[in-house]
There are 2 protein chains.
Amino acid sequence: MQQDEETCSTRDKILETALRLFSKEGYLGATTREIAREAGVAEVTLFRHFPSKETLFEETINANSFLPALKGLMPGIRQMPYGEALAMIAKSFLEILALRKDTVKIMQAEMQRYPEKIQKIYHAFIDEMVNTLASYFGEMHGKGSLREFDTELAARSFFGMFFSYFNAEEILLRKNYRHIDADKTVREFVDIFVRGTLK
Amino acid sequence: MQQDEETCSTRDKILETALRLFSKEGYLGATTREIAREAGVAEVTLFRHFPSKETLFEETINANSFLPALKGLMPGIRQMPYGEALAMIAKSFLEILALRKDTVKIMQAEMQRYPEKIQKIYHAFIDEMVNTLASYFGEMHGKGSLREFDTELAARSFFGMFFSYFNAEEILLRKNYRHIDADKTVREFVDIFVRGTLK
DNA sequence: TTACCTTGTTAGTAAGTACTTACATTTGCT
DNA sequence: AGCAAATGTAAGTACTTACTAACAAGGTAA
């Protein structure tokens, strides 16, 4: 019984392949046969690790939650200038999304059909980001450097801008858009936002 | 042969039901049997009107393009104050999205699997909106009332904010969010944007 | 060696899928 | 009434799906 090396790597291979195929073909489109073949294992092995396709799906998205990627994300934001802090938050946000691109695709595609589980994970991530930014806005209000506005709404609009950018570039694969690098986009978006919220 | 009343309504019933079920269960999840039953027709009737499920899918999304809803959208924007013009564009944008909610769901869910057709329709809509707003920014630049910024990027960020709001409220069905009515959101978002782009 | 654990192979099941064929029934127009 | 188009009913085809049962093969630990 050796459960640390080979066994675990078989399981992980299946999970990785499942993530890729679920994201490419959807839950119904990705068959257990195909997942097993691409993972290089027999189909029956897949069912020995995961009792059903639905279990595999759940464990796949659980294994790719966003929250670990959030830890220690915004360390020294408080002592940075306002604009730089926002730029850093935006960049980190885009980085996480890029890292979890496949998971984002799955969630967008299957959100309607499997609401409970997916909404929970997705919203936990968004809420964490929005709350962090909103409370940062609150602090800045206290310091008197910002004009009055609804901090939660502002945080939502901030991430909304960047999520739409990510969506256009990475999910919709816009080839006909002239390509604009992330840095310039961050600068322009943050610029609008900084001027829009300062006194 | 009477093709205007009954015949057309049978076809339309199928198309309407297909839109609803494709949006709720996805392309693979919605079966032709179910679509026919919910439309109140025999399955074979469905195949007499649409030679294949894929044809039905294409005609469904073609019948629900965004562009007709865009016609005559922004009539008197040029003679409105800047902030009111932006608010009106935002409201119209949100209205169209709400009208085509099912289509948006389908596109988000099936974008990965059927890229060609869907991307075309989706992007045609977004490009139309972005270009309209960007050229409006260009005119305002000419008049000297706005600071210098990238008009296309700004337009994208503007719609990105509102699309994310729509997504959170209507697609993800956020119940745990405190509900904020559209008007207040439009006001807050536009406010940030106006201050962020004025001189 | 012996025992165990994990995997592969092969074959199979029961159910569901898109789609078809043949024939009967309804419906509206002339 | 009579014709023709649109629809319904019933049966069936060929295929795919998630999932299982039975047995053999390999490696690891005692």
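Within every chain, numbering begins at 1; the chains are lettered A, B, ... in the order of the sequence lines, protein sequences first and strands thereafter.
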Among side-chain atoms of A:N131 and A:E152, is any donor-acceptor pair under 3.5 angstrom?
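The criterion, which ignores hydrogens and geometry beyond distance, is not satisfied for A:E152 and A:N131.
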Quick one: [X] [atom1] to [N] [atom2], roughly how many Å, whole number?
{"X": "B:L56", "N": "C:dC19", "atom1": "CG", "atom2": "P", "answer": "10 Å"}
{"X": "A:D12", "N": "C:dT6", "atom1": "CG", "atom2": "P", "answer": "15 Å"}
{"X": "A:L46", "N": "C:dT9", "atom1": "CG", "atom2": "C1'", "answer": "16 Å"}
{"X": "B:R37", "N": "D:dT7", "atom1": "CZ", "atom2": "P", "answer": "20 Å"}
{"X": "B:E34", "N": "C:dC19", "atom1": "CD", "atom2": "P", "answer": "16 Å"}
{"X": "B:I35", "N": "C:dC19", "atom1": "CD1", "atom2": "P", "answer": "11 Å"}

Could you tell me whether A:K143 sits above the aromatic face of A:Y82, with NZ or CZ closer than 6.0 angstrom to the six-membered ring centre and within 45 degrees of the axis?
no
Taking the six-membered ring of B:F189 as reference, does the cationic atom of B:K184 (NZ for Lys, CZ for Arg) lie under 6.0 Å from its centre and within 45° of its axis?
no
Salt bridge check: are B:R37 and B:E43 linked by an N-O gap of less than 4.0 Å?
no
State, to the nearest 10°, the angle formed by the axis through the first five base pairs of the helix from C:dT1-D:dA30 to C:dT30-D:dA1 and the axis through its last five.
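One end axis against the other gives 10°.
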Between N or O atoms, less than 3.5 Å apart, protein on one side and nucleotides 16-23 of chain D on the other: list the pairs.
residue	atom	partner	partner atom	Å
D:dA18	OP1	A:K53	NZ	2.8
D:dA18	OP2	A:T32	N	3.2
D:dA18	OP2	A:T32	OG1	3.0
D:dC19	OP2	A:K53	N	2.6

Given the rule that I, L, V, M, F, W and Y join up when any side-chain heavy atoms are under 4.5 Å apart, are A:V41 and A:V44 in one cluster?
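No, because A:V41 and A:V44 fall into different hydrophobic clusters, even though each may have its own neighbours under 4.5 Å.
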Below 6.0 angstrom between ring centroids: does that apply to A:F162 and A:F158?
yes
Under the criterion side chain to side chain contact (heavy atoms under 4.5 Å, CB included), I'd like the reasoning laid out for A:F66 against A:M107: C-alpha separation, chi angles, the key distance, then a yes or no.
CA-CA 12 Å; A:F66 294 92; A:M107 295 189 166; 3.8 Å; yes
Which word best sums up how the rings of A:F137 and A:F149 line up, parallel for under 30°, tilted for 30 to 60°, or perpendicular for over 60°?
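Ring orientation of A:F137 relative to A:F149: perpendicular.
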Tell me whether the side-chain N/O atoms of A:H49 come closer than 4.0 Å to OP1 or OP2 in C:dT7.
yes
